[in-house]
Amino acid sequence: MAAQKPSVPKGTRDFLPSEMVKRNFIFDTIKEVFKRFGYLPIETPSMENLSTLLGKYGEEGDKLLFKILNSGDYLSKVKTSLIGVESGKLASEISEKGLRYDLTVPFARFVVQHLNEITFPFKRYQIQPVWRADRPQKGRYREFYQCDVDVIGSNSMLNEVELVQIIDQVFQKLNINAVIKINNRKILLGIAETINAKDKFIEFTIALDKLDKIGSDGVRSELIKSGFSESQIEDVFSVINVIDQNNKQKISFLKRMLIDSEIGLKGVEEVETILNYFETLSLNTELELDLTLARGLNYYTGAIFEVQSKDVAIGSLCGGGRYDDLTGVFGLKDVSGVGISFGADRIYDVMEQLDVFPKEIVASTKVMFVNFGEKEEKYCLPLLQKLRENGINSEIYPESVKMKKQMTYANNKNIPFVILVGENEMGKGVLNVKDMQSGDQSEMKFEKLLQKLS
RNA sequence: GUGGUUGUAGCUCAGUCGGUUAGAGCGCUGGAUUGUGGUUCCAGAGGUCGUGGGUUCGAUUCCCAUCAUCCACCCCA
C-alpha cells in the first residue's frame, strides 16, 4: 500500500511543544486576568444543534457554519427530491448539528438552559476552539481559540468599564501595544435615523466600517451604490470628518447632530458614562471612540469594542459588545449581557512577530540522568523520585545507549542540567552534575544538588 | 463565493532556453572521540521534481486540467 501523505484539513494546524508552551502562556495570562475580575469558567460542547446556531450571525455567518452530516442512512429521510434542490435546503435535511461558530451564542443557550443553577449577574469565562468555514489566510484559521468573558443579567455600564480594564490588563501583561476602539450601536442607529436612512442601516454601517481600508472615496462610492442621496452622504461625511478629534469633541459633536434622535442620544450617554469612569482610572492602553466601528455580528445592541495591534496589521485581536436580547430566542426575555472575545491565535501571531514572548517560558525538564545501564538505573531512580517530590521536573533517558546520543537529546530539549552517575560516582556516593550551558562539570552530593535546583 | 501566488530531499530554496548522472544549506545517520551535547573535520542515507492528461524521438522543464498552498477581496478573532 502506498503511504499516504500526512496532512491536516485546510485552515487547521498542529502545535509543536515549543508552540504549545507559548500558547499556554497566552491562555494562562488571559485566564489569570479573568479570574482576577471574578469570572468563573464554563465549557460547552464543540457541536450544537443547528437550530441554536442558524440565524444568529447573519446570512454570511450561516454560510460559514460547519455542518455535521447526520449519522446513519441520512439520505433515506430526505423528503424533497434531490434534483434541482437548493443545497442550503438540502443541508437542513441531512444535517442537524453544527460546530460552534463562536462562544457567545452557545453561552446564551447555556444561560437559559441552566437558569436555575446560576446566579445573576452571571460572570463567566470560556476558552475553547471555534470553527468557521472561511477561506484561510493571514491571521485567519478554520479552527481557532476564543477566550470569552461575558456578564449576563446586568445593565450597568460598570460591566463595560470592567471589560475595558480586562483588555488593558491582558495586553499589558502580554506586552502588546494596542488600541481599544469603542463605539455604540445606538449611536449608529441614531445617525441612520437622523439622516433618514434607517432602512439602509446595514449598508450604512458596512460602508462606514471600511473607512480605514478603502478611504473616504471608497466609502462614498459604496454609499452611492447602496442608493444614498447626495445630502445623506454629506451627512455621513460630517461624521467621518470628526475622526481626528478627541473623544470629548466627538461626543459634543454627536450631541448636536443627534439632538432629535432619542436612541442616538441614549447611545451617546452610554459612551460618555463609560469614558467618564476612566477620568479617575488609570489605563495603559489607548481608549478611542471610533464612530466608524460597526462590527458585523448583528446581535449587538449597545456598546461595541474592538482591539487592534498598533504594530502588526492582522485584523482585530479582540472584539465584543453588548447584546440586549440574545437569550430571547431561547425563551428568556429582557436579559442584557455584554462580553468580549480574545483571539488567542492572532495574539500568538502578533507576539511571535514582535518577539515578545518571555524567554524563560521555554524551560521544561530541569534535570536529566544519563542512563549507563541496569545497575545505575536502579541507583538513580530513587534520586529521581526525590527530585520530583521536590517539584523539580526531571527525567532519565530510557535506554542505555551511547552517551553522545543521550547528550544530544538533552541538548535538543534544552535541559539545563545533566547528571552522570556511573561506577565511579556510585562508589564515591556523589553525582557528576554537568551544566549544559557553561559545559562545567562538578561532583556533588545529592543534597547539594537539591539545594542548587530549588 | 471572487481574483491572484506558489508546488523540486524531513525543512528552506536553487536549477533545467526540453536531452543521458536534478543541486545547495540546514536537519538526519555513522565516524574522528567504545563516559560527554552545543563548535570543527570526514563519510553516508534520503527525490515517481504535487497528481492526471496532452505535445514530442524524449517532459521535472512547454500546454491543459486537477488538487494542495499562501495572499487579497468578502467577512471576521
Side-chain angles (χ1 to χ4, degrees), chain A residues 2-13 16 26 30 57-65 87-88 100-104 127-148 167 178 202 205-207 209-210 213-214 218 222 293-298 305-309 313-320 339-350 368 370-373 376 397 400-426 432-441:
Chain A
Q4 72 186 78
K5 242 189 199 159
S7 66
V8 295
K10 190 202 289 277
T12 66
R13 300 149 296 159
L16 292 165
I26 294 174
I30 290 175
Y57 310 105
E59 219 175 297
E60 204 65 35
D62 283 356
K63 273 193 245 165
L64 298 180
L65 283 173
S87 50
R100 63 165 168 257
Y101 179 91
D102 71 355
L103 301 177
T104 309
I127 298 178
Q128 290 190 274
V130 302
W131 294 268
R132 296 183 189 178
D134 228 341
R135 280 261 174 104
Q137 55 184 272
K138 190 185 180 128
R140 172 183 294 182
Y141 309 98
R142 287 188 155 181
E143 175 183 62
F144 61 96
Y145 272 76
Q146 289 195 330
C147 312
D148 272 39
I167 294 171
I202 305 244
T205 53
I206 288 177
D209 199 35
K210 285 193 211 162
K213 214 167 215 171
I214 59 179
E222 288 260 322
L293 175 65
R295 297 194 57 77
L297 293 174
N298 53 15
F305 306 99
E306 201 160 287
V307 180
Q308 268 156 17
S309 161
I314 197 170
S316 58
L317 301 179
C318 175
I340 49 169
S341 179
F342 291 83
D345 303 80
R346 282 187 182 173
I347 291 175
Y348 180 97
D349 290 348
V350 168
M368 186 194 87
V370 169
N371 192 324
F372 282 102
E376 289 85 348
Y397 197 88
S400 111
V401 291
K402 244 180 287 185
M403 178 122 87
K404 184 184 166 118
K405 188 158 187 188
Q406 303 192 37
M407 294 301 281
T408 305
Y409 172 85
N411 195 53
N412 288 345
K413 228 175 146 179
N414 267 317
I415 299 174
F417 296 101
V418 167
I419 297 179
L420 302 106
V421 184
E423 210 132 341
N424 297 345
E425 289 83 357
M426 288 200 295
N432 203 340
V433 179
K434 175 159 180 149
D435 181 328
M436 291 296 276
Q437 196 141 34
S438 65
D440 295 342
Q441 209 165 311

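Residue numbering restarts at 1 for every chain, and letters A, B, ... go by the order of the sequence lines.
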### Task
Please measure how far the P atom in A45(B) lies from the corresponding atom in C63(B), and state the result in whole Å.
36 Å
### Query
Between R100(A) and W131(A), is any pair of side-chain heavy atoms under 4.5 Å apart?
yes
### Query
Taking the side chain from D440(A) and the backbone from D435(A), do they hold a donor-acceptor pair closer than 3.5 Å?
no
### Task
Using a 4.0 Å heavy-atom cut-off across all strands, classify I347(A) as base, sugar-phosphate, or nothing.
nothing
### Query
Taking C-beta and beyond as the side chain, do Y145(A) and I26(A) meet within less than 4.5 Å on heavy atoms?
no
Any protein N or O atoms within reach of nucleotides 33-39 of chain B? Criterion: under 3.5 Å, listing atom names and distances.
| unit_1 | atom_1 | unit_2 | atom_2 | d |
| --- | --- | --- | --- | --- |
| G35(B) | O6 | N424(A) | ND2 | 3.4 |
| G35(B) | N1 | E425(A) | OE1 | 3.1 |
| G35(B) | N1 | E425(A) | OE2 | 3.2 |
| G35(B) | N2 | E425(A) | OE2 | 3.0 |
| U36(B) | O2 | K434(A) | NZ | 2.8 |
| U36(B) | O2 | Q441(A) | OE1 | 3.4 |
| U36(B) | N3 | Q441(A) | OE1 | 2.9 |
| U36(B) | N3 | Q441(A) | NE2 | 3.0 |
| U36(B) | O4 | Q441(A) | NE2 | 2.5 |
| G37(B) | O2' | N411(A) | ND2 | 3.3 |
| G37(B) | N7 | K434(A) | NZ | 3.3 |
| G37(B) | N1 | M436(A) | O | 2.6 |
| G37(B) | N2 | N411(A) | OD1 | 2.9 |
| G37(B) | N2 | M436(A) | O | 2.7 |
| G37(B) | N3 | N411(A) | OD1 | 3.3 |
| G38(B) | O4' | N411(A) | ND2 | 3.0 |
| G38(B) | N2 | Q437(A) | O | 3.0 |

### Separation of the C1' atoms in G7(B) and U61(B), to the nearest angstrom
14 Å
### Query
Could you state the interatomic distance from CG (D134(A)) to CG (L64(A)), rounded to the nearest 0.5 Å?
5.0 Å
### Message
Distance check needed: C76(B) P versus D62(A) CG, whole Å only.
### Response
13 Å
### Task
Write down the distance separating the P atoms in G18(B) and U60(B), rounded off to the nearest Å.
13 Å
### Query
Say you pick atom P in C28(B) and the same atom in G10(B); how far apart are they, in whole Å?
15 Å
### Task
Would you please determine if the base of A77(B) is stacked by F144(A), with stacking meaning a centroid separation under 5.5 angstrom and planes under 30 degrees?
yes
### Task
Flag the pair E60(A) / K63(A) as yes when at least one side-chain heavy-atom distance between them is below 4.5 Å, and no otherwise.
yes
### Message
If you assign K138(A) and D345(A) each to the RNA chain B nucleotide with the nearest heavy atom, which residue ends up on the more 5' nucleotide?
### Response
K138(A)
### Task
Say whether, by atom type as modelled, one donor and one acceptor occur between the side chain of R142(A) and the main chain of T12(A) under 3.5 angstrom.
no
### Query
When rounded to the nearest Å, what value does the distance between C1' atoms of G27(B) and A65(B) take?
36 Å
### Query
Would you say the side chain of D148(A) lies within less than 4.5 Å of the side chain of Q128(A), judging by non-hydrogen atoms?
no
### Rounded distance in Å - CG (D209(A)) to C1' (C73(B))
15 Å
### Message
Over all strands shown, is C147(A) touching base, sugar-phosphate only, or nothing at heavy-atom distances under 4.0 angstrom?
### Response
nothing
### Query
Starting at CZ of F305(A) and ending at C1' of A77(B), how long is that distance when rounded to a whole Å?
16 Å
### Query
Parallel under 30°, tilted from 30 to 60°, perpendicular over 60°: which one fits the rings of Y397(A) and Y409(A)?
perpendicular
### Query
Can you tell me how far P in G38(B) sits from the matching atom in G31(B), rounded to whole Å?
13 Å
### Query
Y141(A) near the nucleic acid: base, sugar-phosphate alone, or nothing, with a heavy-atom cut-off under 4.0 Å?
base
### Summary
Nearest-nucleotide check on RNA chain B, C318(A) vs P9(A); residue mapping nearer the 5' end is P9(A)
### E425(A) side chain reached by E376(A) side chain, heavy atoms, under 4.5 Å
no
### Query
For G52(B), which nucleotide in any strand shown is its Watson-Crick or wobble partner with both distances under 3.5 Å?
C64(B)
### Message
What's the gap between A68(B) and G1(B) when it is taken at their P atoms, as a whole Å value?
### Response
12 Å
#### Entry: Base partner of G38(B), which must satisfy Watson-Crick or wobble distances under 3.5 Å
none
### Summary
Separation between CG (N432(A)) and CG (N424(A)), nearest 0.5 Å, reads 9.0 Å
### Task
Take atom CH2 of W131(A) and atom C1' of A77(B), then tell me their distance rounded to the nearest Å.
14 Å
### Query
Hey, does G139(A) reach any base, or is it just sugar-phosphate, or nothing, if we go heavy atoms under 4.0 Å?
base
### Complementary nucleotide for G46(B) - Watson-Crick or wobble, under 3.5 Å
none
## Note on the structure
Partner of C26(B) under the Watson-Crick or G-U wobble criteria, both distances under 3.5 Å, comes out as G10(B)
### Query
P atom, C67(B) versus U51(B): distance in rounded Å?
16 Å
Below 3.5 Å is the cut-off: list the nitrogen or oxygen pairs between protein and nucleotides 1-5 of chain B, distance only.
| unit_1 | atom_1 | unit_2 | atom_2 | d |
| --- | --- | --- | --- | --- |
| U2(B) | O4 | R135(A) | NH1 | 2.6 |

#### Entry: Partner nucleotide, any strand, of A59(B) [Watson-Crick/G-U, under 3.5 Å]
none
#### Entry: Atom-to-atom span, CG of L103(A) to P of C76(B) - whole angstrom
17 Å
### Task
Give the rounded distance in Å between these two atoms: CD of E60(A) and P of C73(B).
14 Å
### Message
I'd like to check the side-chain hydrogen bond (donor to acceptor under 3.5 Å, both in side chains) partners of K138(A); sequence neighbours left out, ordered by chain and number.
### Response
none
### Task
Check the distance between C76(B)'s C1' and L64(A)'s CG and give it to me in whole angstrom.
8 Å
### Query
Rounded to the nearest Å, what distance is computed from the CG atom of residue L16(A) to the C1' atom of nucleotide G27(B)?
14 Å
### Message
For the CZ atom of F372(A) and the CG atom of L420(A), what is their distance to the nearest 0.5 Å?
### Response
4.5 Å
### Task
Give K10(A) one of three labels, base, sugar-phosphate or nothing, depending on what nucleic acid heavy atoms sit under 4.0 Å from its own.
sugar-phosphate
### Message
Taking any heavy-atom pair under 4.0 Å as a contact, classify K210(A): base, sugar-phosphate, or nothing.
### Response
sugar-phosphate
